[in-house]
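First up is the structure itself, then whatever we jot down about it.
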Amino acid sequence: MRFFSLNSMCLAAVCAAGCGPDRPPGLEGFGDIGGTDGDPTGDGDPTGDGDGDPTGDGDGDCVDVDLGSDPEVYFGAVIEAGLGSDHDGECVVSPGPDYSAIWTAPFTAPYRLTMYPDIPAAMSVLQGACGGPSLGCTAFNFPNTVDFNAVAGERYTFVFDTDIDYGPTYFDMWLYPVDDEPSDCPFGELFGTHDGRFGSTLGTSNDFGSQCGGDGAGDHGYLFVPPVTGLYEFHTFGSDYDTVLEVVQGECGGPVIACNDDAFDGMTVESQLTVELSAGQAYTIVADGFGASVGNYELTMQLIDDQPGLCDDAQVLASMVPVMAEWPVESDAGNQYFGCSFASSERRFVWTAPADGLYRASQDATPNFSGLAVLLDGCNGQDGMCATTIPGEEPTLVFDAAAGQEIVFVSEWDPEAPGLITLTVEAEGGGSGCGQSLGSELPAVASGTTLGAGNDSEGSCSFDGAPEAELSWTAPANGSYLFSLEGSNYDTLMYIRDGGCDGPELACNDDTITDQMVDLWSSIPLDLSAGQTVSIFVDGYNGSGSYELSITEL
């Protein structure tokens, strides 16, 4: 199981993974497997040698597609489940299915291959067609990146491999030449929906340029993964040189999707632009200069118009613990949050903590892959935690909340197999009671007998060695509750402890006084906090018998 904090935004790794399955614009070939992209003849044989093996399953070609010899290649594909593994690489940790491509270098240069998968995956670069010596590999990063030196006319095999064979894996790749000069990118990161940075481009590397300028000036690129889809504004107001702003698709490389030299369509030194950005996609925001201008800049970012919010169609959970929601895997509310997992389906829930304390949220999506995010600042969706698991395991998060604090839970999963998804929120340690658990239902009732039971415990008001029954119950909310043995057929005695079997005693009672009369059945009123678990001991004054226990709210 993997845990991380969204305060750090996990930007260079998992949070950026939101580009699957919603793919970055401009990537060619995605969704075209089985069509004619990369297959000029359209006969299902992308290598063109006539053996008709587009799947790479070992029955024919050792690769799935020929990428040609373009100096820069964008490509997307699907690694289908059950195809088997045609290539072994030093980064491959299990024989999951793979997808491979060959490419011919048009000229000698350092190259970078970057893979954007929608689940954790591995990538290898092999020398020669159909594989040879490894030139580099990487696994379970987002993105996966390998740098290698290409020689003009030589062929190279790229292998994209998965760790688990449980469904189709979508990925995009980008191949491009890089220079040998060290780069300052990314110089830093932008977070949330409103952020800013101060800096200087004096003495920095020149990594970016656009039709607005910047080709001859040093620059600073900031990685930004929007938490929500919407219209973002960037400006350099307050800078002391002639600035240029650029928004680049991807991390430190890719097409320029927006740029500006002078704000307000005038001859100014400040730059300003607005651009629609997609949640979960990686962008680089560049503070650049016009001509060779460098200096001190102020870079500011803010969301000025967002697409539907996390809570617009969220389900409201009762402000109590434990609380549970259950739904079929087909019940998808649409992907809006991209800060946790690569999963394609999503539902969102709003819950208000009933009391101060520690809580535990867990999710069961067996046998499907799933992820769970707990957003501690509610519908703002910035401050929180995330857990993802392999299929068959439950993502679980423990968090601290104050009474009245609004929490948003984002459940994500891949609907590969039919079934139900279950989200449970409970007090941390709520399951530590003694004996038979009565859950947290109201009213709670239980019946049984102490005949033949053991005598393992005593309360402060007990006087002999009568046998006892042991039960536990968790308060669903702050309140006063009555524990009663009315209806029992013997002289009962009852005591209640906080937590487990050996917890501190909260109360002990032998007889109940009603209307100036003494009844032989026991009762205890208690004030409890939401999520507080108590152990209930049904004992006897001088014997045993059948008991009736009820728990009601006062």
Original post:
Side chain of Q436, backbone of E470: donor and acceptor closer than 3.5 Å?
Top reply: no

**OP:** Taking T352 for its side chain and S319 for its backbone only, find out whether a donor-acceptor pair lies under 3.5 Å.
**Re:** no

Subject >> side-chain hydrogen bond (donor to acceptor under 3.5 Å, both in side chains) between Q363 and E394, worked out >> reply: CA-CA 5 Å; Q363 178 171 289; E394 296 185 11; over 6 Å; no

Subject >> Close side-chain approach of E233 to V275, heavy-atom, < 4.5 Å >> reply: no

**OP:** For residues E486 and D519, determine if any side-chain heavy atom of one lies less than 4.5 Å from a side-chain heavy atom of the other.
**Re:** no

Original post:
Do side-chain atoms of D498 reach the backbone of V534 as a donor and acceptor pair under 3.5 angstrom?
Top reply: no

Original post:
Got a second to check how far N478's CG is from L528's CG, nearest 0.5 Å?
Top reply: 9.5 Å

Original post:
S523 and T512: side-chain hydrogen bond (donor to acceptor under 3.5 Å, both in side chains), yes or no, with the steps?
Top reply: CA-CA 6 Å; S523 64; T512 300; 2.8 Å; yes

**OP:** Working to the nearest 0.5 Å, report the span between CZ of F349 and CG of L375.
**Re:** 13.0 Å

Subject >> Chi angles and distances behind the side chain to side chain contact (heavy atoms under 4.5 Å, CB included) call for F369, W413 >> reply: CA-CA 6 Å; F369 167 85; W413 71 96; over 6 Å; no

**OP:** Give the minimum heavy-atom separation between V329 and P415, together with the two atoms involved.
**Re:** O-CB, 3.9 Å

Original post:
Could you go step by step and tell me if R347 and D332 meet the salt bridge (Lys or Arg N to Asp or Glu O under 4.0 Å) rule?
Top reply: CA-CA 6 Å; R347 285 180 70 90; D332 177 21; over 6 Å; no

**OP:** I would like to know whether T138 and T145 meet side chain to side chain contact (heavy atoms under 4.5 Å, CB included); could you show each step before the answer?
**Re:** CA-CA 7 Å; T138 182; T145 299; 5.6 Å; no

**OP:** Mind listing the closest non-hydrogen atom pair of L493 and S462 along with its distance?
**Re:** CD1-CA, 3.5 Å

**OP:** Measure the NE2-CZ distance between H220 and F198 for me, rounded to the nearest 0.5 Å.
**Re:** 15.0 Å

Original post:
With no hydrogens and no angle check, is any side-chain donor or acceptor of T449 less than 3.5 Å from a backbone partner on G545?
Top reply: yes

Original post:
Tell me, do V425 and F409 make a side-chain contact under 4.5 Å, heavy atoms counted?
Top reply: yes

Original post:
Is the closest side-chain heavy-atom distance between Q302 and Y232 below 4.5 Å?
Top reply: no

**OP:** Just jot down the ring pair (Phe, Tyr, Trp, His ring centres under 6.0 Å) partners of F160, sequence neighbours excluded, or say none.
**Re:** F171

Original post:
Are M173 and L113 close enough that some pair of their side-chain heavy atoms sits under 4.5 Å apart?
Top reply: yes

**OP:** For the pair D161 (side chain) and M123 (backbone), establish whether a donor and an acceptor sit closer than 3.5 Å, ignoring hydrogens and angles.
**Re:** no

Original post:
Got a sec: does the CZ of F399 have more than 12 other heavy atoms crowding it under 6.0 Å?
Top reply: yes

Original post:
Roughly how far apart are D364 CG and L372 CG, rounded to 0.5 Å?
Top reply: 12.0 Å

Original post:
Which heavy atom of D539 sits nearest a heavy atom of S457, and at what distance?
Top reply: OD2-O, 3.9 Å

Subject >> Stepwise side chain to side chain contact (heavy atoms under 4.5 Å, CB included) check, W327 with L423 >> reply: CA-CA 9 Å; W327 63 96; L423 170 67; 4.0 Å; yes

Subject >> Closest non-hydrogen atom pair between V350 and A314, with its separation >> reply: CG2-CB, 3.7 Å

Subject >> Geometric cation-pi criterion, R497 with F537: 6.0 Å, 45° >> reply: yes

**OP:** Could you check whether the rings of F483 and W473 sit parallel, tilted or perpendicular, using 30° and 60° as the cut-offs?
**Re:** perpendicular

Original post:
Do F224 and F191 have ring centroids that are under 6.0 Å from one another?
Top reply: no

Original post:
For the ring pair Y547 and W521, is the centre-to-centre distance below 6.0 Å?
Top reply: no

Original post:
Would you say P476 and Y481 make side-chain contact, with heavy atoms under 4.5 Å?
Top reply: yes

**OP:** Identify the two heavy atoms, one from E505 and one from C508, that lie closest to each other, and give their separation to 0.1 Å.
**Re:** OE2-CB, 3.5 Å

Original post:
Okay, side chain of T284, backbone of G250: is any donor-acceptor separation there less than 3.5 Å?
Top reply: yes

**OP:** Write down the atom of A402, the atom of A353, and the distance for their closest heavy-atom approach.
**Re:** O-CB, 3.4 Å

Subject >> T229 (side chain) donor-acceptor with S278 (main chain) under 3.5 angstrom >> reply: no

Original post:
Is the number of heavy atoms from other residues, nucleotides or ligands within 6.0 Å of CG (L554) greater than 12?
Top reply: yes

**OP:** Before giving the answer on side-chain hydrogen bond (donor to acceptor under 3.5 Å, both in side chains), spell out for T422 and E326 the whole-Å C-alpha distance, their side-chain angles and the decisive distance to 0.1 Å.
**Re:** CA-CA 4 Å; T422 303; E326 188 175 72; 3.2 Å; yes

Subject >> Pairwise distance CG(L520) to CG(D491) - rounded to 0.5 angstrom >> reply: 4.5 Å

Subject >> T450 side-chain N/O to E468 backbone N/O, donor-acceptor pair under 3.5 Å >> reply: no

**OP:** Check for a donor-acceptor pair, side chain of T474 on one end and backbone N or O of T533 on the other, with a separation under 3.5 Å.
**Re:** no

**OP:** Indicate yes or no for a side-chain donor-acceptor contact from W351 to the backbone of M320 under 3.5 Å, with no hydrogens or angles considered.
**Re:** yes

Original post:
Can you check whether S411 reaches I421 side chain to side chain, under 4.5 Å on heavy atoms?
Top reply: yes

Subject >> Gap between atom SG of C379 and atom CG of D312 - 0.5 Å precision >> reply: 8.0 Å

